[in-house]
Amino acid sequence: MTENLDHVGRIQREWARERPDLDVSPQGVIGRLHRVAAHLTEQLCVVYRRYGLGEGEFDVLAALRRAGEPFERAPGELAVFTMVTTGAMSKRIDRLERDGLVTRRVSSTDGRGRVVALTTAGRELIDQAFAEHMRNERRLLEELKPEEAAQLEALLTTWLGRFEAPRSGG
């Protein structure tokens with residue numbers, strides 16, 4: 001009888017053979033989540049590239065667009081929203097500014113602070129890219145039945161909530 005194991009199942013089988021003293025069952029969840037995330041990222045980046053964006057640049061433009069009129073945020077705030085260092089954020093903003101998608105200016109409320117804002121071109125680009133991004137995400141979720149997607153969302157929401165404390169005012 002041949003087992004029809006996926007990649008993670010084969011790794012678990014090998015570890016169980018080599019280290020029968022260890023419970024390798026966590027790999028069943030963690031390993032598969034990691035592999036699914038890699039596949040999803042690859043598929044999502046296809047859309048970003050169509051718009052000349054990397055994942056990071058897409059995140060910055062999306063965070064600015066979600067801010068609402070006048071579509072601007074401080075660089076530190078953008079770094080928090082996109083979970084990167086301020087140094088990495090600065091590089092992303094440099095590229096987006098060079099491409100005419102954002103501008104930087106001195107904050108009107110804090111002369112030492114800076115504000116990053118979407119340009120008209122940046123807003124048009126992220127509106128188009130985000131619409132395609134949502135179509136792409138919907139296509140990816142069609143691999144699951146609606147009730148499976150709902151169950152998965154509920155489980156992931158619970159689990160993620162245990163890692164991330166809720167933000168006030170959010």
Side-chain angles (χ1 to χ4, degrees), residues 30-146 148-170:
I30 305 296
R32 286 183 179 96
L33 271 176
H34 183 73
R35 290 184 61 80
V36 166
H39 287 293
L40 291 175
T41 298
E42 183 181 309
Q43 291 293 309
L44 297 176
C45 286
V46 167
V47 170
Y48 307 150
R49 285 191 296 271
R50 279 192 199 125
Y51 293 88
L53 300 170
E55 189 174 19
E57 289 83 17
F58 179 90
D59 285 348
V60 171
L61 295 177
L64 289 169
R65 181 63 175 91
R66 288 192 318 267
E69 285 281 356
F71 309 112
E72 59 186 33
R73 296 185 191 266
E77 191 180 8
L78 286 170
V80 169
F81 275 104
T82 58
M83 297 183 293
V84 297
T85 65
T86 52
M89 180 53 61
S90 189
K91 288 179 185 176
R92 290 176 182 180
I93 294 168
D94 288 346
R95 179 174 177 264
L96 292 167
E97 187 176 35
R98 184 191 71 228
D99 292 347
L101 301 173
V102 302
T103 59
R104 268 190 272 220
R105 64 173 171 73
V106 174
S107 169
S108 56
T109 58
D110 174 7
R112 295 170 298 161
R114 299 282 180 262
V115 174
V116 180
L118 277 178
T119 62
T120 301
R123 182 175 174 194
E124 290 170 0
L125 181 76
I126 193 58
D127 281 351
Q128 291 173 6
F130 186 71
E132 186 172 344
H133 174 67
M134 285 294 91
R135 286 190 296 273
N136 191 33
E137 284 193 348
R138 184 163 281 106
R139 176 188 65 82
L140 291 167
L141 275 178
E142 286 173 356
E143 296 294 322
L144 299 173
K145 295 175 188 168
E148 291 172 330
Q151 286 177 316
L152 182 58
E153 181 180 8
L155 285 170
L156 292 172
T157 299
T158 298
W159 197 13
L160 185 59
R162 293 181 184 155
F163 286 101
E164 298 178 350
R167 293 176 26 165
S168 60

Can you confirm whether [X] sits close enough to [Y] that some side-chain heavy atom of one is under 4.5 Å from a side-chain heavy atom of the other?
| X | Y | answer |
| --- | --- | --- |
| R139 | N136 | yes |
| L44 | E55 | no |
| V46 | R49 | yes |
| T158 | R162 | yes |

For [X] against [Y], the heavy-atom pair lying closest together:
| X | Y | value |
| --- | --- | --- |
| A63 | L78 | CB-CD2, 3.7 Å |
| A121 | G100 | CB-O, 4.0 Å |
| A117 | L64 | C-CD1, 4.4 Å |

I need the [X] [atom1] to [Y] [atom2] distance, nearest 0.5 Å.
| X | Y | atom1 | atom2 | result |
| --- | --- | --- | --- | --- |
| R35 | I30 | CZ | CD1 | 14.5 Å |
| L118 | E72 | CG | CD | 9.5 Å |
| L125 | D99 | CG | CG | 9.5 Å |
| L152 | T157 | CG | OG1 | 9.0 Å |
| R138 | R135 | CZ | CZ | 10.0 Å |

Is there a side chain to side chain contact (heavy atoms under 4.5 Å, CB included) between V84 and D59 once you walk through the steps? CA-CA 11 Å; V84 297; D59 285 348; over 6 Å; no
Result of checking L96, T82, I93 against E57 for side chain to side chain contact (heavy atoms under 4.5 Å, CB included):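 So, applying the side chain to side chain contact (heavy atoms under 4.5 Å, CB included) to E57 and each of L96, T82, I93, only L96 qualifies.
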Might you work through the side chain to side chain contact (heavy atoms under 4.5 Å, CB included) test for R114 and V106, ending with a clear yes or no? CA-CA 4 Å; R114 299 282 180 262; V106 174; 3.1 Å; yes
The criterion is ring pair (Phe, Tyr, Trp, His ring centres under 6.0 Å); which residues satisfy it with Y48, sequence neighbours excluded?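 For Y48, the residues satisfying ring pair (Phe, Tyr, Trp, His ring centres under 6.0 Å) (neighbours in sequence not counted) are F58, H133.
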Other residues, nucleotides, ligands: >12 heavy atoms within 6.0 Å of E132 CD: yes
Counterpart residues, side-chain hydrogen bond (donor to acceptor under 3.5 Å, both in side chains), relative to R123 (two or more places apart): none
Quick check with a 6.0 Å cut-off and a 45 degree axis cone: is R73 positioned over the face of F81's six-membered ring?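 Geometry flag: set, cation within 6.0 Å and 45°.
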What salt bridge (charged side-chain N to carboxylate O under 4.0 Å, His left out) pairs are there with at least one residue in residues 78-94, not counting sequence neighbours?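 Passing the test, one end in residues 78-94: D94-R104.
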For the pair Q128 and F130, evaluate side chain to side chain contact (heavy atoms under 4.5 Å, CB included) and give the outcome as yes or no after the intermediate values. CA-CA 6 Å; Q128 291 173 6; F130 186 71; over 6 Å; no
Might you work through the side chain to side chain contact (heavy atoms under 4.5 Å, CB included) test for L101 and I126, ending with a clear yes or no? CA-CA 9 Å; L101 301 173; I126 193 58; over 6 Å; no
